[in-house]
*Asks:* 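Sharing a structure with you now.
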Amino acid sequence: MKGLLDMRLNNNFLIHKTSSGEILVPVEEESKSFHGIIKLNETGSEIVHLLDDNDLTMDELLSHFYNSYPDEDKDLINQSVNDFVNKLREINAIK
């Protein structure tokens, strides 16, 4: 059951693999309100794949990165993940 704080990638955004990396592309209704693409770096790509496969809270998403990158600064992880999730929210790429 999806909780109020769970996030998931909007199914009107597709992850597309290109020769230079991955991009996030709006389709159907979302392409009418967001005219562009999001080029994904490694972290962004990992976030959208996690949110494409799972309903996650921000705490669960951050825990994934803390566990996957234990030597990285947690404040830097917090800032990077929060910034990208906020950008996804602004374009309605997560719900």
Side-chain angles (χ1 to χ4, degrees):
M1 179 196 268
K2 186 172 165 85
L4 290 175
L5 299 176
D6 289 350
M7 301 175 290
R8 183 181 264 291
L9 188 65
N10 181 336
N11 59 4
N12 286 325
F13 280 83
L14 299 178
I15 303 165
H16 182 71
K17 201 170 269 199
T18 70
S19 60
S20 61
E22 290 188 315
I23 58 175
L24 192 61
V25 181
V27 295
E28 299 190 24
E29 290 300 312
E30 293 305 330
S31 66
K32 294 175 184 174
S33 60
F34 179 72
H35 307 283
I37 60 170
I38 302 291
K39 185 172 181 186
L40 301 170
N41 63 17
E42 188 177 322
T43 303
S45 181
E46 193 167 350
I47 290 170
V48 296
H49 280 284
L50 286 166
L51 294 176
D52 191 33
D53 297 332
N54 307 285
D55 290 330
L56 297 174
T57 65
M58 181 60 85
D59 286 342
E60 291 168 330
L61 194 56
L62 288 170
S63 290
H64 165 80
F65 282 95
Y66 297 155
N67 293 330
S68 296
Y69 306 97
D71 296 332
E72 293 295 323
D73 182 312
K74 285 188 177 185
D75 289 334
L76 182 59
I77 290 173
N78 282 341
Q79 188 66 49
S80 297
V81 171
N82 274 295
D83 285 351
F84 189 70
V85 166
N86 286 334
K87 287 180 185 179
L88 293 176
R89 281 191 176 114
E90 286 174 16
I91 64 168
N92 200 34
I94 55 175
K95 37 181 177 163

*Asks:* Side-chain heavy atoms under 4.5 Å apart, restricted to Ile/Leu/Val/Met/Phe/Trp/Tyr: what other residues fall into the cluster of V27, or is it alone?
*Replies:* L14
*Asks:* Please determine which of I23, I91, L88, V25 meets the side-chain contact (heavy atoms from CB on, under 4.5 Å) test together with I38.
*Replies:* I91
*Asks:* Where do L24 and A93 come nearest, in terms of heavy atoms and distance?
*Replies:* CD2-CB, 4.1 Å
*Asks:* Working to the nearest 0.5 angstrom, can you tell me the gap between I15 CD1 and L9 CG?
*Replies:* 5.5 Å
*Asks:* Report yes if the side chains of I77 and D73 come closer than 4.5 Å at any heavy-atom pair, otherwise no.
*Replies:* no
*Asks:* Considering all heavy atoms of both residues, which atom of G36 and which atom of P26 are nearest to each other, and what is their separation?
*Replies:* O-CD, 3.0 Å
*Asks:* First locate atom CG of D52, then atom CG of N11, and finally report the distance between them rounded to the nearest 0.5 Å.
*Replies:* 9.0 Å
*Asks:* Please identify each residue that fulfils salt bridge (Lys or Arg N to Asp or Glu O under 4.0 Å) with E72, with sequence neighbours left out.
*Replies:* none
*Asks:* When rounded to the nearest 0.5 angstrom, what is the spacing between CD in E60 and CG in D6?
*Replies:* 6.5 Å
*Asks:* Taking only residues at least two apart or on different chains, which pairs with a member in residues 13-28 satisfy side-chain hydrogen bond (donor to acceptor under 3.5 Å, both in side chains)?
*Replies:* T18-S20, E22-S45, E22-H49
*Asks:* List for me each residue that meets side chain to side chain donor-acceptor pair (under 3.5 Å) alongside N78, sequence neighbours excluded, and say none if there are none.
*Replies:* Y66
*Asks:* Is V81 reachable from L76 through a run of hydrophobic residues whose side-chain heavy atoms are each under 4.5 Å from the next?
*Replies:* no
*Asks:* Out of curiosity, L56 CG to I94 CD1, how far, rounded to the nearest 0.5 Å?
*Replies:* 10.5 Å
*Asks:* Can you hop from V48 to Y69 via hydrophobic side chains spaced under 4.5 Å?
*Replies:* yes
*Asks:* Using the side-chain contact (heavy atoms from CB on, under 4.5 Å) criterion, which residues pair with N92? Sequence neighbours excluded.
*Replies:* N10, E30
*Asks:* Could you tell me which residues satisfy side-chain contact (heavy atoms from CB on, under 4.5 Å) with S68, sequence neighbours excluded, listed by chain and number?
*Replies:* E46, H64
*Asks:* Applying side-chain contact (heavy atoms from CB on, under 4.5 Å), name anything that partners D59, two or more places apart in sequence or on another chain.
*Replies:* T57
*Asks:* Is there a side-chain contact between M58 and L62, using heavy atoms and a 4.5 Å cut-off?
*Replies:* yes
*Asks:* Taking all heavy atoms of P70 and all of N67, pick out the closest pair and write down the distance.
*Replies:* CD-O, 3.6 Å
*Asks:* Does anything in residues 80-92 pair up under salt bridge (charged side-chain N to carboxylate O under 4.0 Å, His left out), and if so which pairs, sequence neighbours excluded?
*Replies:* none
*Asks:* Working to the nearest 0.5 Å, report the span between CG of N41 and CZ of F84.
*Replies:* 7.0 Å
*Asks:* Could you grab the distance from atom CG of L50 to atom CG of D55, nearest 0.5 Å is fine?
*Replies:* 12.0 Å
*Asks:* Can you name the nearest heavy-atom pair linking M7 to L51, along with the distance?
*Replies:* O-CD2, 3.6 Å
